[in-house]
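Report on the following structure.
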Amino acid sequence: MLASFALPLACGAGAPPGAPAARLEDRPNLIVVVLDDADVDLTESMPRFRSLLMDQGTRFSSNLANTPLCGPARALLLAGQYAHNTKVYYNNGPEGGYTPWRAGGYDDRNIGPWLQAAGYRTGLFGKYMNDFPQGQNETFVPKGWDDFRVILSDREARNNHFTLSENGLLKLYEAETGGYQTDVLSRGLQDFVRSKKPGQPFFAYLALSAPHVPPEPAARHRQTFPEDKAPRKPSFNEKDLSDKPRALQEQAEPLTPWWDREIDTTYREMRQSLLSVEEAMDELLKTLEQTGDLSNTYIFFTSDNGWFRGEHRIPTEKYAPYEESIRVPLFVRGPGV
């Protein structure tokens with residue numbers, strides 16, 4: 001619940017009893033980076049994530065996604081409330097994604113509006129909620145965001161082809177013409193950081209599609225990791241499911257060699273797609289250093305849910321009560337961390 005974690009930092013919590021709250025210009029900047037379908041094993045296999053984030057901060061080893069699916073997980077991150085409160089249980093439909101989020105009034109009740117009210121300049125880049133802006137005009141911009149560059153989830157929304165609402169102006173991007181999603185959103189975040197106002201802290205929420213399955217790596221990375229194979233845990237293609245729920249016992253057939261190849265290919269392509277995220281993090285840190293903000297900025301780096309790669313005979317999925325699905329990365333880098 002990053003909303004619950006970040007708000008005390010923003011509002012000067014932790015000061016001695018009776019001490020005045022921190023002045024607005026002394027409050028830290030906050031950046032939240034959210035990946036899609038990125039599990040702990042995957043992110044920790046990327047060396048630049050380690051050098052840029054983990055080795056410079058803190059790694060939380062038991063960070064769990066309470067409801068490991070895009071829609072409810074993102075509602076939790078933004079609102080700081082579990083799915084049984086937000087009523088966002090799925091990605092789509094009357095109980096999924098933007099429809100229940102909007103019905104519950106959460107456009108006005110999330111970390112963006114809260115931090116804006118606390119004096120922060122706020123920006124959202126990437127995925128807001130699944131199905132956004134279902135039921136609204138496509139040019140709709142929720143209150144609470146000074147810079148709102150959001151992928152329209154009611155249209156085709158892939159790394160290589162997507163429509164971005166840039167503060168209400170719609171623009172189609174395609175990778176073939178320089179519009180690879182991670183690169184576009186990274187540039188938007190850097191522009192936001194560079195255009196900060198003197199004396200005003202900022203909050204940025206960067207929600208990337210990488211390494212969502214099916215993965216779409218940038219063209220420049222498609223030949224990397226040619227020999228990569230997914231890790232085979234003890235639970236991979238589990239022989240005995242007698243201790244598992246009946247539904248899983250009845251549905252989960254032993255994995256075939258075809259699945260072995262498919263799992264390895266997906267793992268390799270997910271790692272390839274994270275290379276552009278590593279580049280984005282590198283550029284972000286350079287920008288923060290250039291603007292003089294690095295020493296006063298907290299970066300939270302996480303994912304909405306994990307991913308299965310054959311564990312318990314589940315070849316490719318999320319949204320199940322097992323470690324591979326619920327345990328997600330959380331790295332924090334910033335002053336005093």
Side-chain angles (χ1 to χ4, degrees), residues 1-15 20-34 53 57 74 77-80 101 105-129 132-133 139-151 164-169 171 182-208 280-281 283-302 332-337:
M1 289 185 292
L2 293 174
S4 302
F5 197 7
L7 276 169
L9 289 174
C11 298
R23 298 180 306 166
L24 183 62
E25 59 267 28
D26 295 331
R27 291 179 183 174
N29 305 306
L30 306 168
I31 298 175
V32 175
V33 181
V34 183
L53 299 169
R74 291 164 191 277
L77 290 172
L78 286 166
W101 174 268
Y106 286 99
D107 277 334
D108 300 324
R109 294 192 292 137
N110 67 75
I111 192 171
W114 293 332
L115 286 178
Q116 189 186 68
Y120 274 67
R121 184 166 174 264
T122 58
L124 196 154
F125 307 87
K127 187 174 181 180
Y128 177 41
M129 286 297 300
F132 177 82
T139 60
F140 170 69
V141 176
K143 297 177 182 178
W145 300 100
D146 296 298
D147 198 343
F148 190 75
R149 308 188 201 187
V150 170
I151 295 166
L164 200 64
S165 170
E166 299 178 332
N167 298 297
L169 299 175
K171 184 174 179 179
T182 301
D183 299 343
V184 171
L185 298 177
S186 173
R187 291 194 296 267
L189 173 57
Q190 291 176 63
D191 290 345
F192 174 79
V193 171
R194 291 192 183 98
S195 61
K196 65 169 188 167
K197 297 181 180 179
Q200 184 182 26
F202 61 80
F203 166 69
Y205 183 87
L206 174 66
L208 302 169
M281 293 300 97
E283 290 302 315
L284 171 61
L285 292 169
K286 290 177 181 176
T287 298
L288 290 169
E289 190 167 17
Q290 291 166 2
T291 61
D293 293 300
L294 184 59
S295 62
N296 194 38
T297 299
Y298 288 95
I299 300 174
F300 301 82
F301 187 90
T302 189
V332 181
R333 171 178 172 156
V337 179

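With rounding to the nearest 0.5 angstrom, the CG atom of N29 is 4.0 Å from the OG1 atom of T297. Separation of atoms CG (L115) and CZ (F202) is listed at 12.5 Å; rounding is to 0.5 Å. Between the CD1 atom in I111 and the OG1 atom in T122 there is a gap of 10.5 Å [rounded to 0.5 Å]. Put simply, OH on Y120 and CG on D146 are 13.5 Å apart, with the number rounded to the nearest 0.5 Å. Between the CG atom in L206 and the CD1 atom in I31 there is a gap of 8.5 Å [rounded to 0.5 Å]. Summarising the geometry, atom CG belonging to N167 is positioned 11.5 Å from atom OG1 belonging to T139; distances are rounded to the nearest 0.5 Å.
In this view, R194 and Q190, D191, T287, Q290, T291 satisfy the side-chain contact (heavy atoms from CB on, under 4.5 Å) rule, not counting sequence neighbours.
Screening residues 105-114 for salt bridge (Lys or Arg N to Asp or Glu O under 4.0 Å), with sequence neighbours left out, gives no hits. Sorted by first then second residue, the salt bridge (Lys or Arg N to Asp or Glu O under 4.0 Å) pairs that include residues 292-302, not counting sequence neighbours, are K196-D293.
Across all their heavy atoms, I151 and L164 have their closest contact at N-CD1, 3.6 Å. Summarising the geometry of P201 relative to P28, their closest heavy-atom pair is CB-O, 3.9 Å, with the distance given to 0.1 Å. The two atoms that bring G188 and F125 nearest to each other are O-CE2, 3.5 Å, heavy atoms only. The heavy-atom pair separating Q116 from G144 by the smallest distance is OE1-CA, 3.3 Å. Nearest approach of A79 to Y106, heavy atoms of both residues: CB-CD2, 3.9 Å. Counting all heavy atoms, side chain and backbone alike, G123 lies closest to F192 at N-CZ, 3.6 Å.
Classified by interplanar angle (parallel below 30°, tilted 30° to 60°, perpendicular above 60°), the ring pair F132/F148 is perpendicular.
Checking side-chain atoms of R333 against main-chain N and O of F301 turns up no donor-acceptor pair under 3.5 Å. Side chain of Y298 to main chain of P335: a donor-acceptor pair is present (N/O by atom type, distance under 3.5 Å, no hydrogens or angles). A donor-acceptor pair under 3.5 Å is formed between the side chain of R27 and the backbone N or O of A118.
When side chains are defined from C-beta on, Y128 counts as touching N110, because their heavy atoms get closer than 4.5 Å. Contact annotation: the side chain of V34 approaches that of V32 to within less than 4.5 Å [non-hydrogen atoms, C-beta and beyond].
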**Message:** Set out, in order, the CA-CA distance, both residues' side-chain angles and the distance that settles side-chain contact (heavy atoms from CB on, under 4.5 Å) for I299 and L288, then state yes or no.
**Reply:** CA-CA 11 Å; I299 300 174; L288 290 169; 4.0 Å; yes
